Structure formats: structure tokens, C-alpha cells
Trainee: 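One structure follows; several queries about it will come next.
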2 protein chains.
Amino acid sequence: MRSRETILRQAVELSSVEGLDGLSLGRLATATGVSKSGLFAHWRDKEQLQLDAVEWAVRQWTEQVVGPALRAPAGVRRLFALHEARLAFYGDGVLPGGCFFFAVQAEFDDRPGAVRDRLSRSMREWQGLIRRLVAEAVTLGELADGVDPAQLAYEIDALGEMVIVHSRLHDGAQALVHARRAVLARLRALCPDPALLPED
Amino acid sequence: MRSRETILRQAVELSSVEGLDGLSLGRLATATGVSKSGLFAHWRDKEQLQLDAVEWAVRQWTEQVVGPALRAPAGVRRLFALHEARLAFYGDGVLPGGCFFFAVQAEFDDRPGAVRDRLSRSMREWQGLIRRLVAEAVTLGELADGVDPAQLAYEIDALGEMVIVHSRLHDGAQALVHARRAVLARLRALCPDPALLPED
DNA sequence: TAGACGACCGACCGATCGGTCGTATAGTTT
DNA sequence: AAACTATACGACCGATCGGTCGGTCGTCTA
């Protein structure tokens, strides 16, 4: 039996090009060396496979972005570590993780269903994580009082997310630099202790 | 003959849901009251229709976002006016303009072709416009010297663009407030003359 | 060793896709 | 009134889609 893992990875890779709904089960089958009906032995229908593919992608994100960041010291350093881990994930580029999420959420945000619900849940968790780290940094006194967690979380998320758009159309490396500098400058301006963050 | 304008508007509207490539010519035909073969009397093939649909959407953007902003006084006020016009365009929501661009660029950025080229050209022009307005504001002395136009343009564009993502998953109105406040605070920090920008 | 079972296959189904073609019709010209 | 032209139509094409079905083969168990 071809490993489920292999098939899901391949599904995510194909979906980052042709979309999760535009993903052809026939092409996925030949790409993984399985017959099309072989796929239906593992998944009831296309939607179940889509859900599992999203689940797999979310796990990659959690393991490679959230996990490493949580190992950084709590406070503003952990917040910036999360931002940097995300940029590193995008910068790798080999894994279609970044563009997968970007493409798929744009594809499904207008269409109700289990896939959209799963995606929006994961996005809400991501937003909540950033907000929580901001609030934590404020509590620790590492960010100025009066910082609105929701406002700052929006800014950090936006500055990181747009790397995806820019990296395709312009110079991807430059977008990463811009995204890093923007958040770094923003945090340094709000952080009483300059030693907690890198110079540049 | 049904007006080309009507058909293109309908095409953009449908594409914002099912994607520009996933757009079904059959559904577009019935939605506009034209037969499917009637569409082929106006456009050679699907790609030409897609290109015209993108062109139509770009024109909407130019007329409703770029145009009004350019009527504001030059300098940092024009820069902020551009940001506000964009947010207003997204906030309207009736026109699927915002999500159309977002969905379509995510759909085509991996697939070479005339549509992708047209989209990336228009995005490059958009980026260039912001950069030019930043540089202009610096020249007029309305922004601090040493401001990197490319860096600031990235930030303004990112903070505005993410409204699209957030408005679907969370509270859209709140995202608009966050985006407006973020850019306003950033510009006020760089602007020697506080009177040029609104309080909040 | 008999048999139950899960993985997998090739062939096939109805539906829908983009696109073509012959024809009917309305309006204009002669 | 007859002839011509532009426009749009319904019917149809091959290809591809998601999904089903009958059946094969290897493995594990009683």
C-alpha cells in the first residue's frame, strides 16, 4: 500500500498549482503510482481527501513554524521568533506550504463546507496565537502598555502574509527582507528593552 | 446583443466565487441570458474572455481607487488617500473587485500564460504607484529623509491587502479599522507635520 | 489449508467541460 | 419584394471530471 503520507504530500503539492478543488484525482493517482480507484479505497470521496490534505498541511505548519517559535524565550522574543519562523517557512519554498494555504483559502472563502470551516478554524487559531503572544509580552513588560493585541496581531500577520504574494511577482528575497524589517522596527519601537531584539 | 460590459461584470462576479479558470461558460451564458455559443461570437476562446474580464476589473480598480486618490493634494495626504480609497473599495463589498483580484492572483501565480502576465503587470504598476507616491512625499519634505520607498510601500500594501483575508474569516469592519490605524500610525511617525494627517 | 479480508486494478458510468457547426431570424440593402 | 449580412441559437463533439463496480492478488487467521 502506497503510504497515505506520500499521497497527501503529493495532493498538497498539486493543489498549490491547480487548486484544491481543481485537483484532479486522475492526475493525483498517476503521480503517486496508484490507480484512481485505489484512492477511493482510502478516502470515501474527494472532500475527505481534501480535508485530510488540509490537515496534513496544517500539521506541517504547526511542526515547522509554531513548534520552533514556542521554544524561544517567552515575551517579545517569542513573538519575533514566530514571525521569523514563518518567513523561513515561506523562504524554503521547496515545500508548497505557503502558497498552498494562500491559494486554498482564496479558493474556498466564498464556498461553505467542511473544507472552508477547517481552514477558517486553523486561521483563527493562528490569529489567536499571535494575539496571545502579544498579550503575554505586554504582561511581561516587554511591550509598552496600551498596545492593542488585536491591532498589533493584525499588523504582524499582514506583514508576514504578503510575502507570499510578492515572492511570485517580484523579488521574493527582497519581500522577506521587507517583512522582517517592518515587524522588527515595529516591535523595537514598542519594546522598552532594546537588547531583547536583534539590531537588524 | 447583450452588452459586453454586462457579460464581463457577470464574469468577474462569478469568478470571484468559482475562480477565473473554474468559471463555467455555460453558467456565465445562462446568467447573462445568452447562449453559450453566443459568447464565442464575442470572444475567440475562454482565455480571451478571461483577459477581458481581468481588464475590466483593473479598470474598475483604476477608476474607483487610483483616480480619486490622485485628486488629493500631493504628498503624504495623497499617499494616505490612496490607502483609504482602497479600503473603501474593499469595504463596499458589493462589487467583487477585491476578492476577485485576491482569488485570481492566487489561482494563476503558478501557471504561466497571458492572464498571469496581465495580472502581474497590473500588480507591479500598483506597487510602483505606491512607491512613487512615497518618494514624492519624501521629496516634498512631508516624510522623513531616509525612508526607503520600497520598504514603506511593502508595508502599506501588505496592511491594506490583508483586509481581504480577514474580512471573510473574522469581523470585516474590524479589519478595516486595523488596516487604517496601522498605516495612519506609521505615516504619522514618519511625517514631520502632524497637521497633514487626520487624528485617528 | 480453507477462507475471510483489505489493497488495488481496469473498465466503465453519467455529468459537465470548452468549443464547433449548421441553421433560423432580424435588419439592411438593392 | 428579393438578396444579403450579422447575430445568435440549439444540437452536438471529444475530452475529462468524480465516482462505481466486478474482480484479482497477497496476507493473516482459524
Side-chain angles (χ1 to χ4, degrees), chain A residues 1-56 100 103-104 107-108 110-116 118-119, chain B residues 1-56 100 103-104 107-108 110-116 118-119:
Chain A
M1 146 179 166
R2 250 23 129 278
S3 109
R4 255 176 61 100
E5 185 86 3
T6 306
I7 296 178
L8 289 179
R9 159 176 260 117
Q10 186 68 248
V12 168
E13 200 153 335
L14 286 175
S15 296
S16 74
V17 177
E18 49 196 38
L20 191 56
D21 218 56
L23 169 69
S24 157
L25 296 187
R27 270 196 294 278
L28 174 61
T30 54
T32 52
V34 181
S35 77
K36 202 169 60 166
S37 34
L39 293 178
F40 285 93
H42 296 282
W43 291 277
R44 182 156 42 84
D45 53 19
K46 189 180 185 179
E47 192 184 19
Q48 289 303 314
L49 195 151
Q50 289 174 328
L51 278 172
D52 278 356
V54 170
E55 208 69 50
W56 184 86
F100 172 79
V104 161
E107 194 179 355
F108 279 85
D110 274 306
R111 220 172 323 165
V115 175
R116 192 192 65 167
R118 182 63 188 90
L119 283 168
Chain B
M1 146 178 164
R2 250 26 128 275
S3 108
R4 255 177 61 101
E5 185 85 4
T6 305
I7 297 178
L8 289 179
R9 159 177 259 117
Q10 187 67 249
V12 167
E13 201 154 332
L14 287 175
S15 296
S16 74
V17 178
E18 50 196 39
L20 191 56
D21 218 56
L23 169 69
S24 156
L25 296 187
R27 271 196 294 276
L28 175 61
T30 54
T32 52
V34 180
S35 77
K36 201 168 60 165
S37 35
L39 293 178
F40 286 92
H42 296 284
W43 291 277
R44 181 155 44 84
D45 53 20
K46 189 180 186 180
E47 192 184 18
Q48 289 303 315
L49 196 150
Q50 288 173 328
L51 278 171
D52 278 356
V54 169
E55 207 71 49
W56 184 85
F100 171 80
V104 161
E107 194 180 355
F108 279 86
D110 274 305
R111 221 172 322 165
V115 176
R116 193 192 65 168
R118 181 65 189 90
L119 283 169

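In this text the structure is predicted, and so the values were computed from the model without any measurement. Just so it is clear, the values below take in all heavy atoms, side chains as well, and ignore hydrogens, waters and symmetry mates. In the text below, chain A, chain B and the rest are named by the order of the sequence lines, each starting its count at 1.
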Trainee: Can you figure out which of D:dA11, C:dC9, D:dA8 approaches the side chain of B:Ser37 most closely?
Mentor: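 Out of D:dA11, C:dC9, D:dA8, the nucleotide with an atom closest to B:Ser37's side chain is D:dA11.
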Trainee: Mind calculating the distance between CD (A:Glu47) and P (D:dG19) to the nearest angstrom?
Mentor: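 Distance check: A:Glu47 CD to D:dG19 P gives 9 Å.
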Trainee: From CG of B:Asp45 over to P of C:dC21, roughly how many Å is that when rounded to an integer?
Mentor: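 To the nearest whole Å, that distance equals 14 Å.
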Trainee: Identify whether any heavy atom of B:Leu23 sits under 4.0 Å from a base atom; if not, whether one sits that close to sugar-phosphate; answer base, sugar-phosphate or nothing.
Mentor: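 Result for B:Leu23 = sugar-phosphate.
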Trainee: Measure from CD1 on A:Ile7 to P on C:dA7 and round the result to the nearest Å.
Mentor: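 Between P of C:dA7 and CD1 of A:Ile7: 11 Å.
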Trainee: For the pair A:Lys46 and A:Asp21, find out whether any cationic side-chain nitrogen is under 4.0 Å from an anionic carboxylate oxygen.
Mentor: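 Salt bridge: no.
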Trainee: Would B:Asp52 and B:Arg4 count as a side chain to side chain contact (heavy atoms under 4.5 Å, CB included) here? Give the steps.
Mentor: CA-CA 10 Å; B:Asp52 278 356; B:Arg4 255 177 61 101; 3.3 Å; yes
Trainee: Given D:dG19, C:dG18, D:dA8, which nucleotide is nearest the side-chain atoms of B:Ala41?
Mentor: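 Out of D:dG19, C:dG18, D:dA8, the nucleotide with an atom closest to B:Ala41's side chain is D:dA8.
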Trainee: Counting just side-chain N and O atoms, does B:His42 come under 4.0 Å of either OP1 or OP2 of D:dT7?
Mentor: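 No, because none of the side-chain N or O atoms of B:His42 sits under 4.0 Å from OP1 or OP2 of D:dT7.
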Trainee: Under 4.0 Å between any heavy atoms, over every strand shown, what does A:Leu39 touch: base, sugar-phosphate, or nothing? Just pick one.
Mentor: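 Nothing, no heavy atom under 4.0 Å.
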Trainee: Taking CG from A:Leu25 and P from D:dG18, how many angstroms apart are they, rounded to a whole number?
Mentor: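 Atom CG in A:Leu25 sits about 4 Å away from atom P in D:dG18.
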Trainee: Start at the 5' end of DNA chain D and walk down; is the nucleotide closest to B:Lys36 or to A:Arg44 reached first?
Mentor: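 Checking each residue's closest nucleotide, the 5'-ward one belongs to B:Lys36.
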Trainee: Could you state the atom-to-atom distance from CG of B:Leu28 to P of C:dC17 in whole Å?
Mentor: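 In whole Å, C:dC17 P and B:Leu28 CG are 12 Å from each other.
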Trainee: Whole-Å distance between D:dG19 P and A:Asp21 CG?
Mentor: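 Atom CG in A:Asp21 sits about 10 Å away from atom P in D:dG19.
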Trainee: What integer distance in Å separates B:Gln48:CD from C:dG18:C1'?
Mentor: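 It is 15 Å, rounded to the nearest whole Å.
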Trainee: Can a side-chain donor-acceptor contact be found between B:Trp43 and B:Gln50 if the only test is distance below 3.5 angstrom?
Mentor: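 No, because no side-chain N or O of B:Gln50 sits under 3.5 Å from a partner of the opposite role on B:Trp43.
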Trainee: Quick one: does A:Glu107's side chain have a donor or acceptor within less than 3.5 Å of a partner on B:Ala103's backbone?
Mentor: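 Checked: no pair found.
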Trainee: Rounded to whole angstrom units, what separation is found between the CZ atom of A:Phe40 and the C1' atom of D:dC17?
Mentor: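 Going from A:Phe40 (CZ) to D:dC17 (C1'), I get 10 Å.
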Trainee: Checking A:Glu18 now: which residues fulfil salt bridge (Lys or Arg N to Asp or Glu O under 4.0 Å) with it, not counting sequence neighbours?
Mentor: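 Testing A:Glu18 for salt bridge (Lys or Arg N to Asp or Glu O under 4.0 Å), a comparison that skips the adjacent residues, returns A:Arg27.
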Trainee: On a heavy-atom basis, which atom in B:Leu20 and which in B:Ala53 lie closest, and how many Å separate them?
Mentor: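 Shortest heavy-atom contact: CD1-CB, 4.5 Å.
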Trainee: Between the protein and nucleotides 14-16 of chain C, which nitrogen or oxygen pairs are less than 3.5 angstrom apart?
Mentor:
none

Trainee: So, the side chain of B:Lys36 versus the backbone of B:Leu28: is there a donor-acceptor pair under 3.5 Å, distance only?
Mentor: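 Looks like no, no N/O pair under 3.5 Å.
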